[in-house]
Amino acid sequence: MTKSMRRLVLAGWILGAAGAAGAAGAAQGAAFQPCDDAAGKPALAGSLCAVEQVPGDPSGLAGAPAADVRLFVRKFPAPGKTRGQVWLIAGGPGESGASFYGLVPQLRRAFPGFDLVMPDHRGTGFSTRLCPDEEGPASAGGTALAGAEWASCFRRLNENPAYARQFSETNAAHDLKALLERSPREGKTFLYGVSYGTQLVLRTLALGAADVDGVVLDSLVPLQDDATADLSRRSLVTDAVGRAWLGRCDSDAHCRGQVGEPAETAYRRLLVRLESDTALREAVPGKNLRRFFGAMLDVPVAAAMMPHIVKDMNAGKGGWLKHAIGAIEHEAARLGSFPQSPPSIPLVSMISAAENNLRPGMRAEDVKAEEKDLLFVSPLPALLVEPGLPVYARDAQFNRPPARLPRTLVIQAALDPKTPHGAALRHAEVLRKAGPVEVTTVENGAHFVLWTMPSCFEQAARAFVDGAPQPEAVCRNQTVYVTGS
């Protein structure tokens, strides 16, 4: 995988135990000790590492005896006396705690005085992996699958479905609950989750995790029975957000003047041209402009360039396209690159298909038919078709809200192409039956507000942990459109 491709994975475009000793050094059990890799990467300076043993199948639903699972946890202690701890739960599914390592400066400002604790979900990072041989740090592709590792990993899981079922979301929620219960408490405890991490946090609370003082949900996922926004409908969600971006250009006098016509009209003409202009199509990453633009919606500064890219390419030029690719790579680089950064694609496939696909009978031709007239598409619906892995059955925790919810803050972007704003508001309304829920909306923002709109996130999160009222119900991304040339 090239450096650029790694960055695209980190930006959300695609979407074990053997490696834990190398990163955690002498850390064993629940004791945090200096991490061996902290000296080699400035982003990890001062971090502490621990490895925790937990039951392999705490839910008892895998259907076979299970060996213990090892969970890798990294902590960035607060400078000076701590006010407590914030547990940061990554998205995906399939992402590890490394998703946050490059964002520690922003997290320090958002949660001042708190220890930052970042566990690796079972099956990711330096925790026990689904395919320890193929996903180990010393394997051909490192923690990412490469070459023949794909076939051997998938074959191993299909031959051992009970083992694969141990990596369910409910078992991961039991893991987080156990980590919280075993962790020494000093001050307050907050849980932060992003995207899939919001679902995992809520399931952990539904299992009865106690002594949590507050919850921050960044890019709240839809309710699991929301038939308008499950993963099989991701392209429909992406298309609606993409058209909204084009519409904002039309409503902005300067942007409309730059394009010279309605943005959607210009875009449709470009799509027709690309069907026959091979050279122009080759310049697009993946050679698919609808998919490329769909992915760009994750990065507001790049999404704002779309009208200018369209105008430029309709004139046979590629300057704005290159500019946008550079902007995406620059933003993705802020997340950093670490050995455990690549997401676990087997875990992504298995949990996504089991938990968040309300149309499991869809075929490849159904996906193509549904996307035929869309202007923006996501690769995800096609990846849900015949995932090639044993999909576990949903359990009693599916779509079960917590009985009690501590103070909760939802931070949601109005132009989120993954976890749509309307679906998040419907979910938040259900959660209010269990406890107090505040919602802060980021206008013109995108998915993963901590990363895409850090100033809005820091302002909202800092007020929340301080117990202060939210400064405003709406935070605005001021950079809506860039100036064309």
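Counting from 1, the numbers follow the sequence of the chain as shown.
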Would you check if Tyr392 and Glu169 make a side-chain contact, meaning some heavy-atom pair closer than 4.5 Å?
yes
For the residue pair Phe154 and Trp150, does the interplanar ring angle fall in the parallel (under 30°), tilted (30 to 60°) or perpendicular (over 60°) class?
tilted
From the list Gln224, Arg394, Gln199, side-chain hydrogen bond (donor to acceptor under 3.5 Å, both in side chains) partner of Glu355 resolves to Gln224
Do any N or O atoms from the side chain of Asp250 and from the backbone of Ala263 form a donor-acceptor pair under 3.5 angstrom?
yes
Could you check whether any side-chain heavy atom of Cys35 comes within less than 4.5 Å of a side-chain heavy atom of Arg74, counting everything from C-beta outward?
yes
Smallest separation among heavy atoms of Gln340 and Thr143, with atom names
CA-OG1, 3.8 Å
Considering only NZ, NE, NH1 and NH2 on the basic side and carboxylate oxygens on the acidic side, decide whether Arg269 and Glu261 come within less than 4.0 Å.
yes
Is it true that Phe376 and Tyr267 have ring centroids separated by less than 6.0 Å?
yes
Go through it in stages, so that I can follow the logic: the residues are Arg203 and Thr170, the test is side-chain hydrogen bond (donor to acceptor under 3.5 Å, both in side chains), and I'd like the CA-CA distance, side-chain angles, deciding distance and then a yes or no.
CA-CA 7 Å; Arg203 187 164 296 193; Thr170 294; 3.0 Å; yes
Salt bridge (charged side-chain N to carboxylate O under 4.0 Å, His left out) evaluation trace for Glu365 with Lys368
CA-CA 5 Å; Glu365 51 266 38; Lys368 289 182 180 179; over 6 Å; no
Those residues that, when tested against Phe100, pass ring pair (Phe, Tyr, Trp, His ring centres under 6.0 Å) (two or more places apart):
Tyr192
Any side-chain heavy-atom pair of Leu347 and Arg122 under 4.5 Å:
no
Output for pair (Glu135 CD, Phe126 CZ), nearest 0.5 Å, gives 12.5 Å
Is there a side-chain contact between Leu130 and Met350 in this structure, where contact means two heavy atoms from C-beta onward sitting under 4.5 Å apart?
yes
What is the minimum heavy-atom distance between Pro346 and Leu157, and which atoms define it?
CB-CD1, 4.1 Å
Any side-chain heavy-atom pair from Val442 and Asp416 closer than 4.5 angstrom?
no
Of all heavy-atom pairs between Val237 and Ala229, which one has the smallest distance, and what is that distance?
CG2-CA, 4.3 Å
Look only at the side chain of Ser127 and the backbone of Phe72, and say whether a donor-acceptor pair between them is shorter than 3.5 Å.
yes
Applying ring pair (Phe, Tyr, Trp, His ring centres under 6.0 Å), name anything that partners Tyr196, two or more places apart in sequence or on another chain.
His121
Please report whether the ring centroid of Phe190 lies less than 6.0 Å from that of Phe114.
yes
Validation row: Leu297, Met306 side chains within 4.5 angstrom (heavy atoms)
yes
Are any of the side-chain heavy atoms of Ser195 and Thr419 separated by less than 4.5 Å?
yes
Can a salt bridge be assigned to the pair Arg281 and Asp277 using a cut-off of 4.0 Å between side-chain N and carboxylate O?
no
For the residue pair Phe338 and Tyr101, does the interplanar ring angle fall in the parallel (under 30°), tilted (30 to 60°) or perpendicular (over 60°) class?
perpendicular
For a side-chain hydrogen bond (donor to acceptor under 3.5 Å, both in side chains) check, start with the C-alpha distance between Ser235 and Glu371, then their side-chain angles and the critical distance, and finish with the verdict.
CA-CA 7 Å; Ser235 285; Glu371 295 179 352; 2.7 Å; yes
Electrostatic pair Arg426:Glu429 at N-O distance under 4.0 angstrom:
no
Please check if the side chain of Ser219 supplies one atom and the backbone of Val194 the other of a donor-acceptor pair under 3.5 Å.
no
Kindly compute the distance separating CG (Leu217) from CD1 (Ile411), expressed to the nearest 0.5 Å.
9.0 Å
Go through it in stages, so that I can follow the logic: the residues are Arg234 and Ser378, the test is side-chain hydrogen bond (donor to acceptor under 3.5 Å, both in side chains), and I'd like the CA-CA distance, side-chain angles, deciding distance and then a yes or no.
CA-CA 6 Å; Arg234 174 60 61 79; Ser378 163; 4.8 Å; no
Any donor-acceptor N/O pair, Asp175 side chain to Leu71 backbone, under 3.5 Å:
no
For the residue pair Ser139 and Glu134, establish whether any side-chain heavy-atom pair is separated by less than 4.5 Å.
no
